[in-house]
Amino acid sequence: MSECIFCKIASKEMKSSIVYEDDEIVAFKDIEPKAPVHLLIIPKKHISGLTELGKADELLIGRIVGLSKTLAEQFSFSQCGFRLVANSGPDAGQAVEHIHFHLLGGRKFGWPPG
Ligand code: 5GP
Ligand code: ZN
C-alpha cells in the first residue's frame, strides 16, 4: 500500500529503528514509546488489521507471537513480565491501519487497560 507508513517502514522507504527482520516480519522501536521498551511487530505484507486476517495468515501471526517471546528474552524482560497488544478499530484506538503488535516491557502495567 503506497500511502501506508508501516509498509514504508517495512520497505525502508521510511526510516525506523529496526530490531528484527526476516522475509515476512519486521520489528522496530515505537516512535512514541509507552514503556522503557516499546516495539512494534508487523508483517511486511499489508493487512489493515485483525479483522482482515484470513486463514492463510495464521502461521504468520503465530510466528509474530513466537517472535515476541524471543524479543522479550533479548530485551531481558521475559521473566519479570511484558505485554503484547494489538488494537483493532476505533474503540481500541487503532491509529495505523497496518496490523501491528505492541510489545511493551520494562515497567509494571495496570489491568484492565484504560
Ligand atoms: P495503534 O494506536 O495504531 O495501535 O499504534 C500505532 C503506533 O505506531 C503508536 O504507538 C505510534 O507511536 C506508532 N507510530 C506511528 N507512526 C510511527 C512512525 O512513523 N514510526 C514509528 N516507529 N512508530 C510510529
Ligand atoms: Zn501497510
Side-chain angles (χ1 to χ4, degrees):
M1 269 218 153
S2 58
E3 288 315 309
C4 171
I5 57 170
F6 285 0
C7 281
K8 287 182 177 172
I9 283 175
S11 68
K12 319 271 176 61
E13 195 183 323
M14 209 167 132
K15 197 169 147 35
S16 71
S17 188
I18 292 176
V19 298
Y20 174 86
E21 179 175 15
D22 64 30
D23 56 338
E24 291 186 312
I25 297 170
V26 183
F28 54 96
K29 293 184 179 171
D30 196 293
I31 204 166
E32 285 180 38
K34 315 298 187 292
V37 179
H38 184 174
L39 306 177
L40 297 170
I41 312 176
I42 66 168
K44 287 185 171 175
K45 162 185 163 183
H46 183 88
I47 302 168
S48 58
L50 286 171
T51 55
E52 300 310 310
L53 282 175
K55 196 88 185 142
D57 300 315
E58 286 179 358
L59 191 60
L60 175 64
I61 299 307
R63 289 198 59 234
I64 287 175
V65 174
L67 176 63
S68 73
K69 173 197 160 178
T70 306
L71 290 171
E73 287 166 356
Q74 279 175 16
F75 282 86
S76 306
F77 50 72
S78 171
Q79 294 308 311
C80 51
F82 60 94
R83 186 163 284 172
L84 183 66
V85 182
N87 295 317
S88 177
D91 279 3
Q94 181 181 0
V96 178
E97 292 199 351
H98 180 129
I99 195 168
H100 51 280
F101 294 78
H102 299 256
L103 176 62
L104 303 123
R107 69 168 171 87
K108 284 190 188 294
F109 299 98
W111 191 263

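- Under the salt bridge (charged side-chain N to carboxylate O under 4.0 Å, His left out) criterion, the residue pairs touching residues 41-56 are Glu21-Lys44, Lys45-Asp57, Lys55-Glu58, with sequence neighbours excluded.
- The minimum heavy-atom distance linking Ser16 with Phe28 is given by the pair OG-CB, 3.8 Å.
- Partners of Lys29 according to the side chain to side chain contact (heavy atoms under 4.5 Å, CB included) rule, which considers only residues two or more places apart in sequence or in another chain, are Ser17, Val19, Leu39.
- Nearest heavy-atom pair across Ile47 and Pro43 is CD1-CG, 4.3 Å.
- Of all heavy-atom pairs between Phe82 and Leu103, the closest is CD1-CD1, 3.4 Å.
- Listed by chain and residue number, nothing satisfies the salt bridge (Lys or Arg N to Asp or Glu O under 4.0 Å) test with Lys69 (two or more places apart in sequence, or in another chain).
- The salt bridge (Lys or Arg N to Asp or Glu O under 4.0 Å) test applied to Lys34 returns no partner, not counting sequence neighbours.
- Smallest separation of non-hydrogen atoms from Ile25 and Arg63: CD1-NH1, 3.6 Å.
- Among Leu53, Asn87, Ile41, the single residue meeting the side chain to side chain contact (heavy atoms under 4.5 Å, CB included) criterion with Ile99 is Leu53.
- The main-chain N or O of Ile31 is never found under 3.5 Å from a side-chain atom of His38 such that the two would form a donor-acceptor pair.
- Taking Glu32 as the reference, nothing meets the salt bridge (Lys or Arg N to Asp or Glu O under 4.0 Å) condition, with sequence neighbours excluded.
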### Task
Could you go through the ring pair (Phe, Tyr, Trp, His ring centres under 6.0 Å) check for His100 and His102 one step at a time?
CA-CA 7 Å; His100 51 280; His102 299 256; 5.2 Å; yes

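- Through direct or relayed side-chain contacts under 4.5 Å between Ile, Leu, Val, Met, Phe, Trp and Tyr, Leu104 connects to Val85, Phe109.
- Here the closest non-hydrogen pair linking Gln94 and Ser88 is OE1-CA, 3.5 Å.
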